[in-house]
Amino acid sequence: KLRVGVLASGRGSNLQAIMDACNQGLVPAEVVVVISDKPGVYALERAKSAGIPAHFVDLKAFASKGDYERAVVKILQDHGVQLVCLAGYMRLVGEPLLQAFPNRIMNIHPALLPSFPGLHGQRDALAYGVKISGCTVHFVDEGMDTGPIILQAAVPVLDDDTEETLAARILQQEHRLYPEAVKLFAQGRLRVQGRKVFIDKNKGRGVGED
Ligand code: GAR
């Protein structure tokens, strides 16, 4: 089974969706460690409840962001992590993580990228007046929400939506989409070529299986 490490900064509902899909046998993977840059968040509690090692790594305890990330990489490597999933991890990923896990870091974003990157995807989509939004799972590169797109799902934006109602509608799709992307990776079916991710029809040798 593919060994997955999850980085989260908050509620951890996407972490939960991935853990549940793994436990139900729907995804041939297991979450082996959860790391948060914020203390006491619910994501860490969810991990502990599931018997999964949960670490808070404090950026302020390090001399630089690079040192912080090297500590995160060390924990991931100590657990034999093969795929890193960012799940509501509200921090830009830097060189240490990218070099340690090339094309092996995924993120979920609550908008249809490349529209509305950043911290407030749902709010920005609503303010812009788009009629359709959604979520995107992508590989992480050095940019902000710019990496190769793996899967997307669309939802309607309704006239009476608030940021909260739109976010909830998108979140339902996130919980379906993220486990699906992890499954494709675990099956070795994702192939990255330049900006594009191709999904092989059959199980093959994809990213993460070289
Ligand atoms: C999710 O909606 C996720 O897409 C978003 O934060 C939420 C985390 O929820 N991520 C971003 O906005 C990243 N820029 P969760 O902690 O319950 O999974």
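As the structure lists them, so they are numbered: ligands from 1, and atoms in each ligand from 1. Remember, it's a predicted structure, so these values are computed and weren't measured experimentally.
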Which residue owns the protein heavy atom closest to [atom], what's the atom, and how far is it?
atom: atom 16 (O) of ligand 1; answer: Gly12 N, 2.7 Å
atom: atom 15 (P) of ligand 1; answer: Ser13 N, 3.4 Å
atom: atom 9 (O) of ligand 1; answer: Arg11 NH2, 3.0 Å

Pairwise side-chain contact, [X] with [Y], heavy-atom cut-off 4.5 Å (strictly under):
X: Leu158; Y: Arg169; value: yes
X: Val197; Y: Leu151; value: no
X: Ile108; Y: Thr136; value: no
X: Lys196; Y: Val192; value: no
X: Glu30; Y: Val4; value: no
X: Val140; Y: Met106; value: no
X: Val57; Y: Ile75; value: yes

Q | Min heavy-atom dist Gly121 to ligand 1 below 4.0 Å | A |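 Per 4.0 Å heavy-atom rule, Gly121 does not contact ligand 1.
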Which of the numbered atoms in ligand 1 are under 4.0 angstrom from any heavy atom belonging to [X]?
X: Gly88; answer: 6 (O), 8 (C)
X: Gly118; answer: 14 (N)
X: Glu174; answer: 1 (C), 2 (O), 3 (C), 4 (O)

Q: Using a 4.0 Å heavy-atom threshold (strictly under), name the region of Met90 that reaches ligand 1: side chain, backbone, both or neither.
A: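 Contact part for Met90 vs ligand 1: side chain (C-beta onward).
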**Q.** Distance-only N or O hit between ligand 1 and Asn14, under 3.5 Å
**A.**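 By distance alone, the answer is yes.
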